[in-house]
Amino acid sequence: MEKTNVYDAIPLEKFVFAQTEDISHDKKPETKPVGYLEDALRRFAKNKGAIVAAVIIFIMVLFAIIVPFFTQYTVAYFDAYYAYTRPKCSLFENTSFWDGCKDQKTNLKTFTYYYAMGQESGHNAVKNQEYTLTEDGEYHFRLDTYHMKGVVYKNLSLEEYQALQEYQNRTGIQVIYPMVAKRDRPTAADYEQDANIYYKTEEKGGKTQIIYDDQGNIIPVYNSYPASIMENGMGLDQYNSIRVEGKDGFLENGETYYYSYALVNPSGVQVRINYYEYYTYYHSEVLKDGIGNPSFLFGTTGSGKDILTCLSSGARFSFIFAIVVAVSNLLVGAIYGAIAGYYGGRIDLVMERITDILGAIPSMVVITLLKLHMGSSSQALVLFISFFLTGWIGMGGRTRTQFYRFKNQEYVLSARTLGASDRRLMFKHIFPNAIGTLVTAFALIIPSMIYAETSLTYLGIVNLATGNITSVGTLIAAGQASLATEPFVAMFPSIFLALLLLSFNLFGNGLRDAFNPSLRGTEG
């Protein structure tokens, strides 16, 4: 078979001499060199999950920093009258969602109890006074948790009583309502001393029963006195302010009577006040603490603490605590691990035995001993010492591993041959290659510290619910007892914790891939 010359298949005009300027290796590179951090950021930006996680973490950090400065409440604030108050947002006030109300199905007696609050004061415990009667005879309505407390009996000094009347006259807002004589108040245990029973009742079988008129309406039993015994135009109750509409003096048996708005006693007076309006008056006029009408975006706990304030303040404490612990562990662990990994031999052996001894000490034993020694006033310091005492060991082990991995690489040996010092070799040539692992570990230490701190406070091992300090774990523990009836107490801190841990894990994974030296220059 005749062989074919490959040059015969190529036309002669294709063979031309190469010009010097056409040789590529003589040309300068057109691309700019990419630094290590710039390349890491590019690869991190391509990880969409890590970017979303970073945004969520940023929002949570802003939430923890900003909200405590703008909320009208503090961590130390509480009001037992507003325990388990439902979350309320003004944007949803006219809906059946996030409106501070809860669905309620009750019998006629309980429904009348709440419905009558709105009839007396205009502060409707039954939202908009709207209800439906079910086929089984129950009343279905939205119960407003901000107004369900209604009116309460309260003892005031004469000075406080006069100041409250002046506030009513100045604002036109009714706070004090007519008194109910003690003889007309319920004595049965179910409604004993309940100021909202301002209508006629009777006791049957140890229970309070409501008496209705012929039209099925309640019968008010306000205490009153005749105008003939008025003193200085004010009356026995020393009341000279706005009265219930239409009741500024009424005729009975041919004589004018006035409703009594207080019962005078040796220490001052007892009054019936609408607690919603009194709350506003007390905080704005007496305490002057900047708190206006009661409004809780995330609701309140069983002790009446604002969940939004406690969650943001607890998150801020958790972030600060975790970052401080993480930075401390990074500094100590990186230096310790670098020395052990670089020098090796007996130095490494001794240092490893030290970490083995420290790592074998149970953290619960450390926390318990510290609590006994330092007392209950230094709970945050107890947590820091217990986490720092052994927390750096993991960081040190990672650094040690990286130094063993890179210290005998050719570029390190070359630098040593050229006379580089141990310090330069450790922190200029070897340590940068461990940054990816250490940065990832640092990022993951933060959620692990938050989770550990949350677990300890949730279990009650460490109590941070003192003064102006609280934690996410304390809030979750506070909501545990009411999960079936008031799930929102534990819901908001639980969602926050779950999002935080998930976001930090995705963020840490993104950092690990971005700072991995073996991936440098790849399109990933």
Side-chain angles (χ1 to χ4, degrees), residues 37 39-71 87 89 98 297-299 307-330 333 383-384 387 391 394-395 398 435-459 464 470-479 487-516 519 524:
L37 289 178
D39 182 67
L41 289 175
R42 286 181 181 180
R43 281 185 277 120
F44 180 80
K46 293 177 182 179
N47 190 328
K48 295 181 180 179
I51 292 296
V52 172
V55 172
I56 294 175
I57 293 172
F58 179 72
I59 292 173
M60 288 183 167
V61 171
L62 285 182
F63 170 80
I65 294 174
I66 295 175
V67 171
F69 292 107
F70 289 93
T71 180
C89 178
W98 211 346
L297 190 64
F298 286 179
I307 294 176
L308 174 65
T309 303
C310 291
L311 180 58
S312 58
S313 298
R316 181 167 60 178
F317 169 81
S318 296
F319 277 124
I320 294 174
F321 175 80
I323 290 173
V324 170
V325 172
V327 170
S328 302
N329 289 345
L330 176 62
L383 271 179
F384 173 78
F387 286 150
M395 189 70 73
R398 291 184 181 90
I435 288 180
T437 301
L438 296 182
V439 167
T440 303
F442 176 82
L444 293 178
I445 281 177
I446 295 176
S448 66
M449 288 297 103
I450 293 176
Y451 180 75
E453 171 262 318
T454 300
S455 299
L456 291 173
T457 52
Y458 171 75
L459 295 172
L464 294 176
T470 189
S471 71
V472 179
T474 301
L475 287 175
I476 297 175
F488 65 89
V489 178
M491 181 184 71
F492 289 106
S494 297
I495 291 175
F496 180 88
L497 182 62
L499 273 176
L500 182 68
L501 296 179
L502 179 61
S503 299
F504 262 108
N505 278 317
L506 292 173
F507 181 69
N509 291 337
L511 289 179
R512 178 198 61 201
D513 296 339
F515 283 95
N516 190 343
L519 297 178

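Side-chain atoms are counted along with the backbone in the values below, which use heavy atoms only and exclude waters and symmetry mates.
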Residue pair [X] / [Y], side-chain heavy-atom distance below 4.5 Å:
| X | Y | result |
| --- | --- | --- |
| Asn47 | Ile51 | no |
| Tyr451 | Val472 | no |
| Phe507 | Leu502 | no |
| Phe504 | Ser448 | no |
| Val489 | Ile307 | yes |

Measure from the side-chain N and O atoms of [X] to the backbone N and O of [Y], and report whether any donor-acceptor pair falls under 3.5 Å.
| X | Y | answer |
| --- | --- | --- |
| Thr71 | Pro68 | no |
| Thr474 | Thr470 | no |
| Trp98 | Leu297 | yes |
| Ser313 | Cys310 | no |

Determine the minimum heavy-atom distance between [X] and [Y], stating which atoms define it.
| X | Y | answer |
| --- | --- | --- |
| Ser503 | Ile56 | OG-CG2, 3.3 Å |
| Ala326 | Ile445 | CB-CG2, 3.5 Å |
| Ala50 | Phe44 | CB-CE1, 3.6 Å |

Listed once per pair and sorted, the side chain to side chain donor-acceptor pair (under 3.5 Å) pairs that draw on residues 315-326, sequence neighbours left out: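 Side chain to side chain donor-acceptor pair (under 3.5 Å) check on residues 315-326 returns Ser318-Glu453.
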side-chain contact (heavy atoms from CB on, under 4.5 Å) between Phe384 and Ser328, worked out: CA-CA 10 Å; Phe384 173 78; Ser328 302; 3.9 Å; yes
If I take atom [atom1] from residue [X] and atom [atom2] from residue [Y], how far apart are they, to the nearest 0.5 angstrom?
| X | Y | atom1 | atom2 | value |
| --- | --- | --- | --- | --- |
| Leu500 | Asn505 | CG | CG | 9.5 Å |
| Asn329 | Met395 | CG | CE | 6.5 Å |
| Leu511 | Leu438 | CG | CG | 12.0 Å |
| Leu311 | Phe492 | CG | CZ | 9.0 Å |
| Leu308 | Phe298 | CG | CZ | 5.0 Å |
| Ile57 | Leu506 | CD1 | CG | 8.5 Å |

Step-by-step side-chain contact (heavy atoms from CB on, under 4.5 Å) determination, Ile450 to Phe319: CA-CA 7 Å; Ile450 293 176; Phe319 277 124; 4.2 Å; yes
Working for side-chain contact (heavy atoms from CB on, under 4.5 Å), residues Thr309 and Val67: CA-CA 7 Å; Thr309 303; Val67 171; 5.8 Å; no
Aromatic plane relationship, Phe63 with Phe496 - under 30° parallel, 30 to 60° tilted, over 60° perpendicular: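 Because their plane-to-plane angle lies in the 30° to 60° range, the rings of Phe496 and Phe63 count as tilted.
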